[in-house]
Amino acid sequence: QVQLVESGGGLVQAGGSLRLSCVVSGRTFSRYTMGWFRQAPGKEREFVATISWNGGRFDYADSVKGRFTISRDNAKNTMYLQMISLKPEDTAEYYCAVMRWSFKYQRPATPDDYDYWGQGTQVTVSS
């Protein structure tokens with residue numbers, strides 16, 4: 001059974017930083033592109049960042065470019081999202097997800113491209 005567990009969310013003031021982690025089990029992590037998405041209350045789930053199975057390719061939503069950094073450690077089956085210069089508009093539930101197909105990198109990435117999701121971790125940025 002594939003499981004994804006996020007951690008690292010919390011409450012931070014505007015301008016602050018957080019690092020999210022996502023640990024994956026039940027799938028050969030090193031074969032799959034991973035993604036981060038977020039969903040704010042009353043809004044649709046939106047793409048944040050994606051990273052290819054070997055970490056060689058990655059991409060970000062325009063709203064987070066230059067502030068967020070996605071990375072992965074295949075030896076630890078873990079993906080990260082380093083977030084700096086956080087803004088109140090970054091407030092959302094953040095989800096990690098694993099792509100449906102092995103050795104495939106897709107941009108733009110949509111939620112339908114991913115078949116397993118974590119439970120989410122809340123990020124709240126106060127002004």
Next on the checklist: Does K76 form a side-chain contact (heavy atoms from CB on, under 4.5 Å) with F29? I'd like the steps, not just the answer.
Outcome noted: CA-CA 9 Å; K76 296 182 178 180; F29 182 74; over 6 Å; no
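- The CD atom of E6 lies 9.5 Å from the CH2 atom of W117; values are rounded to the nearest 0.5 Å.
- Using a cutoff of 4.0 Å between basic side-chain nitrogens and carboxylate oxygens, D113 and R107 are not scored as salt-bridged.
- Ion pair K87/D90 not flagged as a salt bridge, since none of the NZ, NE, NH1 or NH2 atoms sits closer than 4.0 Å to an Asp/Glu carboxylate oxygen.
- Among all heavy-atom pairs drawn from A49 and L81, the shortest one is CB-CD1, 4.3 Å.
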Checklist entry - Between W36 and F47, is a ring-ring contact (aromatic ring centres under 6.0 Å, His included) present by the stated rule, with each step listed? => result CA-CA 7 Å; W36 286 101; F47 166 75; over 10 Å; no
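- Atoms CH2 and OG1, from W101 and T33 in turn, are 10.5 Å apart once rounded to the nearest 0.5 Å.
- For the pair L4 and C22, the tightest heavy-atom approach, listed with the atom from each and the gap, is CD2-SG, 4.0 Å.
- Note that OG of S17 and CE of M83 are 8.5 Å apart. Values are rounded to the nearest 0.5 Å.
- Screening D73, I70, L20 for a side chain to side chain contact (heavy atoms under 4.5 Å, CB included) with Y80, the sole residue that qualifies is D73.
- Judged by distance alone, the side chains of S52 and N54 do bring a donor and an acceptor atom under 3.5 Å apart.
- Checked by atom type and distance alone, the side chain of R67 never pairs as donor or acceptor with a backbone atom of Q82 at under 3.5 Å.
- Within a 6.0 Å sphere centred on CZ of F58, heavy atoms belonging to other residues, nucleotides or ligands number 12 at most.
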Next on the checklist: Using the rule given for side-chain contact (heavy atoms from CB on, under 4.5 Å), can you reason through R19 versus T69, listing the C-alpha separation, both sets of side-chain angles and the distance that settles it, and then say yes or no?
Outcome noted: CA-CA 9 Å; R19 188 175 84 153; T69 303; over 6 Å; no
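- The environment of NZ in K43 is sparse: at most 12 heavy-atom neighbours from other residues, nucleotides or ligands sit within 6.0 Å.
- A distance of 14.0 Å separates CH2 of W53 from CE of M34, quoted to the nearest 0.5 Å.
- Residues V5 and F37 fall into different hydrophobic clusters, defined by Ile, Leu, Val, Met, Phe, Trp and Tyr side chains chained together at heavy-atom separations under 4.5 Å.
- Around CZ of R31, the count of heavy atoms belonging to other residues, nucleotides or ligands within 6.0 Å does not exceed 12.
- In terms of heavy atoms, S21 sits closest to T78 at CB-CG2, 4.4 Å.
- A side-chain donor-acceptor contact under 3.5 Å links Y94 and R38.
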Checklist entry - What do the steps show when you test F103 against Y32 for ring-ring contact (aromatic ring centres under 6.0 Å, His included), and what is the final call? => result CA-CA 6 Å; F103 302 116; Y32 291 86; 7.5 Å; no
Next on the checklist: If you apply the rule side-chain contact (heavy atoms from CB on, under 4.5 Å), what do you find for Y95 with R45, and how did you get there?
Outcome noted: CA-CA 9 Å; Y95 299 89; R45 191 166 296 190; 3.5 Å; yes
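- The OG1 atom of T50 sits 8.0 Å away from atom CE of M79, with the distance rounded to the nearest 0.5 Å.
- Distance alone, capped at 3.5 Å, is enough to place a donor-acceptor pair between the T121 side chain and the G9 backbone.
- Pairing each heavy atom of L18 with each of V12, the nearest pair is CD1-CG1, 4.1 Å.
- The CG atom of L11 sits 9.5 Å away from the CD atom of Q122 when rounded to the nearest 0.5 Å.
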